[in-house]
Amino acid sequence: MSHLSRVYGLARNRQRVRRFSDRSVPAELLERVLDCGRYAPSASEDQPWRFVVVRDALARRRLAAAAFHEERARTAPVLVVGCARIHSRVSGSGRPAHPVDLAAATQAMALAAADLGLQAVWLRGYREPTVRDVIGAPPDVPVISLLAIGYPDGFDPLPARRPVEEVICRETWKEGGA
């Protein structure tokens with residue numbers, strides 16, 4: 001299988017983790033996942049991220065509480081908090097670049113985890129001040145992502161994807177796509 005088809009397969013055939021098993025994530029696999037985040041693209045290659053890896057059970061419980069007791073946050077053996085180390089870069093559109101940069105790095109880690117036989121889940125909601133408190137980040141540091149990593153213990157079916165003609169337009173915007 002070519003490298004491109006492997007990435008396509010990982011992205012196209014992902015599964016939605018219901019919960020994680022209590023199986024520990026080997027340090028060497030976790031380091032490879034984190035390295036992929038480190039090498040993700042960023043605006044002007046500023047690399048504005050700082051990833052806080054949380055394996056301690058008490059800290060993970062506190063982060064899960066900050067994530068509204070989300071099942072996957074509670075059961076993941078590893079939580080990675082993606083913070084913006086610097087957040088002054090502004091794109092040509094006038095928007096800060098760090099949220100997109102952190103999203104690219106988080107997705108790179110999620111794909112790397114899947115490639116290594118793990119699963120990763122982005123956690124959508126969390127109380128940012130509580131997350132900062134748990135990891136000891138200063139109050140002005142934006143928390144951009146919370147990624148749960150581990151071995152799955154059950155999957156939920158993915159919802160059907162919208163038809164191509166609803167999500168892809170060619171050359172110009174068209175209602176309904178295509």
Side-chain angles (χ1 to χ4, degrees), residues 1 3 6-42 47-85 87 98-139 141-159:
M1 184 182 293
H3 187 67
R6 175 85 176 148
V7 172
Y8 176 80
L10 291 171
R12 175 67 174 75
N13 299 312
R14 72 182 178 87
Q15 293 181 290
R16 195 163 72 178
V17 174
R18 179 178 303 139
R19 71 178 101 28
F20 289 98
S21 77
D22 58 3
R23 183 176 165 196
S24 179
V25 174
E28 60 274 8
L29 292 184
L30 182 57
E31 292 308 312
R32 289 174 69 185
V33 168
L34 295 167
D35 208 37
C36 284
R38 205 168 62 87
Y39 276 91
S42 62
Q47 305 166 55
W49 40 70
R50 168 127 338 142
F51 300 108
V52 180
V53 179
V54 181
R55 295 185 87 145
D56 176 75
L58 179 58
R60 285 186 292 115
R61 269 196 298 266
R62 290 179 63 206
L63 287 173
F68 308 103
H69 304 282
E70 214 277 355
E71 177 76 10
R72 293 161 301 183
R74 288 188 317 99
T75 60
V78 178
L79 295 172
V80 178
V81 182
C83 301
R85 182 178 52 79
H87 45 90
H98 67 274
V100 174
D101 294 343
L102 267 288
T106 303
Q107 182 63 16
M109 288 188 285
L111 284 170
D115 188 47
L116 296 168
L118 301 164
Q119 291 290 324
V121 175
W122 286 43
L123 302 170
R124 293 183 305 199
Y126 47 84
R127 292 179 192 94
E128 188 173 357
T130 305
V131 172
R132 272 197 301 270
D133 182 55
V134 171
I135 65 171
V141 169
V143 175
I144 304 298
S145 63
L146 188 55
L147 188 67
I149 301 173
Y151 291 98
D153 183 23
F155 293 100
D156 286 329
L158 282 176

How far does [atom1] of [X] sit from [atom2] of [Y], to the nearest 0.5 angstrom?
| X | Y | atom1 | atom2 | result |
| --- | --- | --- | --- | --- |
| Arg18 | Arg72 | CZ | CZ | 10.5 Å |
| Leu118 | Leu30 | CG | CG | 8.5 Å |
| Thr106 | Leu111 | OG1 | CG | 11.5 Å |
| Leu116 | Met109 | CG | CE | 13.0 Å |

Quiz item: In this structure, are over 12 heavy atoms from other groups packed under 6.0 Å from Tyr39 atom OH?
Solution: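 No, not enclosed.
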Practice problem: Mark yes when over 12 heavy atoms from residues, nucleotides or ligands other than Arg50 sit less than 6.0 Å from its CZ; otherwise mark no. | Solution: no
Backbone of [Y] reached by a side-chain donor or acceptor of [X] within 3.5 Å:
| X | Y | result |
| --- | --- | --- |
| Arg38 | Gln47 | no |
| Arg60 | Leu79 | no |
| Arg55 | Val78 | no |
| Glu128 | Val143 | yes |

Quiz item: Between Phe51 and Val81, does a side-chain contact (heavy atoms from CB on, under 4.5 Å) hold up when you go through it step by step?
Solution: CA-CA 6 Å; Phe51 300 108; Val81 182; over 6 Å; no
Exercise. Could you list the residues that satisfy salt bridge (Lys or Arg N to Asp or Glu O under 4.0 Å) with Arg61, not counting sequence neighbours?
Key: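 By the salt bridge (Lys or Arg N to Asp or Glu O under 4.0 Å) rule, Arg61 matches no residue at all.
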Using a 4.5 Å cut-off on heavy atoms from C-beta on, say whether the side chain of [Y] contacts that of [X].
| X | Y | value |
| --- | --- | --- |
| Asp115 | Cys36 | no |
| Asp153 | Phe20 | no |
| Gln15 | Pro152 | no |

Kindly give the heavy-atom pair with the smallest separation between [X] and [Y], and that separation in Å.
| X | Y | result |
| --- | --- | --- |
| Ala120 | Ile149 | CB-CG1, 4.1 Å |
| His98 | Pro142 | NE2-CG, 4.0 Å |
| Cys83 | Ile135 | SG-CD1, 3.7 Å |

Practice problem: Any chance you could lay out the side-chain contact (heavy atoms from CB on, under 4.5 Å) test for Trp122 and Leu146, step after step, and finish with the verdict? | Solution: CA-CA 6 Å; Trp122 286 43; Leu146 188 55; over 6 Å; no
Practice problem: Apply side-chain contact (heavy atoms from CB on, under 4.5 Å) to Leu123 and Phe68, showing your working. | Solution: CA-CA 10 Å; Leu123 302 170; Phe68 308 103; over 6 Å; no
Quiz item: In terms of side-chain geometry, is the basic nitrogen of Arg32 or Asp35 positioned less than 4.0 Å from the acidic oxygen of its partner?
Solution: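 Answer for the salt bridge query: no.
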